[in-house]
Amino acid sequence: MNALSAADDLAHFRRGAVDLVEERDLAARLAKARAAGRGLRVKFGMDPSSPDLHVGHAVQLMKLRALQQAGHTIVLIVGDATAMVGDPSGRNKLRPQLSRADVEANLVTYTAQAGKVLDMTRTEVHRNSEWFDAMRFEDVLRLASKATVARMLERDTFEKRMEAKEPIGVHEFLYPLMQGWDSVMIRSDVELGGTDQLFNLLVGRDLQEKENQAPQICMTLPLINGLDGRKMSKSYGNAIAFTDSPAEMFGKVMSLRDDVMGDWFRLLTGLDEGEIATLLGGHFREAKARLGEEIASFFHGRDAGRAARDGFDRQFRDKELPTDIPVVEYAKPWPADGVPLAVLLREIGLCASSSDARRLIEGGGVKLDGAVVADVNARIARPTAELLLQAGKRKFAKLRAQ
RNA sequence: GGGGAGAUACCAAAGCGGCCAACUGGGCCAGACUGUAAAUCUGGUGGCUUAUGCCUUCGACGGUUCGAAUCCGUCUCUCCCCA
């Protein structure tokens, strides 16, 4: 297939991996596949329960991309059936079951976003409803009989939830089995996941063995924590999404803790170890800015990445105003005695409510044309020119009256 | 099937008849400081056209009371123990 040496081939898999069960199996299977002139089938499941991918997913996708380029077949499973259960991994709560319609909508954006990293023309995509919809209850029972309750309770997430007296739905036990069954159906050679997925991956291995297939190799990659140190998740609001603007991406990276930078460099950029070491040995702010630029550039292109960095420097380091302040037209008629500032801030969307705006003003966070407003009850007369409004550090608007 | 415990704001968790828009911690927002949207410190964290005021909130619905998150009834949901 290509001139890769066996050692290089294996190294592609090993780089960055936390668990590799079993590495010896992998070496053997890899050699066999190469001898037959093909690559391995590498499975990765995506749970379309939240609408957008974030850089936490990118860790896995970058790995898949490298493997794809090395000639392996990537099999993407969109878990539209499993999404209706909700993966118990890393959760301490029962997750709401999603409706088909929700899943359907998420699925479209998901695959499109995955295409930002993977070559989708060479990627096999399946929804697991393809096989789960065809199952009868009898089939479900048969599948459920392949694992024991004790085995399921080994999962630390279930254990923690039991201790915390949180409810656990019976259907949640089905999740690992469903994910494992996916492996059987697509005859996967390797399944990739985050470290929190190891249990699920191993269930797939067991099931394949019971179905007389060669058990898949289970490979996990480190989880990247979100901006607040918790697991990165859109629902925690601590994620950098694929759809974030370059400026958002850069800014979020700049708010990372210094000590996680190394992981981010290794897992999300193509920089080699030597360069990473040099960066981390230098000035932290510089290193972090480089990281932000790399990430913004990967998703939006070099120019956008650089522009994001420049914009951030101007706004936060040099404390200049951003260049792209939105201009807001105030459409309503302007009362003769002016508009209360708190109300104005709400109406143009700078604050969530007028009470919120009042608090901001009391805290000294509101500026009009650069001057801090001290009076909570200030009324604003109809401006003759553009009026610059600042609510906190990040929200700006130029107001124009009708 | 039997017995017990519980449901409070984004999360956790106090409050158990008026002093409660509700202690405290986390998160979040803002201010100061800074290499940063880090750390630290300080303040804030239902809504209202302007407030030592008004309106809505403590699982749901009813009731008692001058007055209820707090007492009573029914319902919904959760956890634990026994079978």
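Numbered from 1 within each chain, the chains take letters A, B, ... in sequence-line order.
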5'-most contact on RNA chain B (nearest-nucleotide basis), A:V376 vs A:D356, goes to A:D356

Check: Does A:S355 have a side-chain nitrogen or oxygen under 4.0 Å from the phosphate oxygens OP1 or OP2 of B:rG46?
Finding: no

Check your understanding: Think A:N377 has a side-chain N or O under 4.0 angstrom from the OP1 or OP2 of B:rU49?
Key -> no

Q) Does the gap between the ring centers of A:H57 and A:F44 come in under 6.0 Å? A) no

Partner of B:rU49 under the Watson-Crick or G-U wobble criteria, both distances under 3.5 Å, comes out as none

Residue-phosphate contact under 4.0 Å: A:R346 side-chain N/O, B:rU49 OP1/OP2: yes

Of the listed B:rU49, B:rA37, B:rG47, the closest approach to the A:R359 side chain comes from B:rG47

In 5'-to-3' order, the base (B), backbone-only (S) or no-contact (-) status of each nucleotide in nucleotides 20-26 of chain B, using a 4.0 angstrom heavy-atom cut-off, is -------

Taking every heavy atom of A:S183 against every heavy atom of A:E191, the minimum-distance pair comes out as OG-OE1, 3.0 Å

Sequence neighbours excluded and cut-off under 3.5 Å, please list the side-chain donor-acceptor pairs for residues 137-147 of chain A, or say none.
| unit_1 | atom_1 | unit_2 | atom_2 | d |
| --- | --- | --- | --- | --- |
| A:E138 | OE2 | A:R142 | NH2 | 3.4 |
| A:D139 | OD2 | A:R136 | N | 2.7 |
| A:S145 | OG | A:R142 | O | 2.6 |
| A:K146 | NZ | A:E211 | OE2 | 3.3 |

Comparing A:K288 with A:S354, nearest RNA chain B nucleotide closer to 5' gives the residue A:K288

Are A:K398 and A:I348 side-chain neighbours, meaning at least one heavy-atom pair lies under 4.5 Å?
no

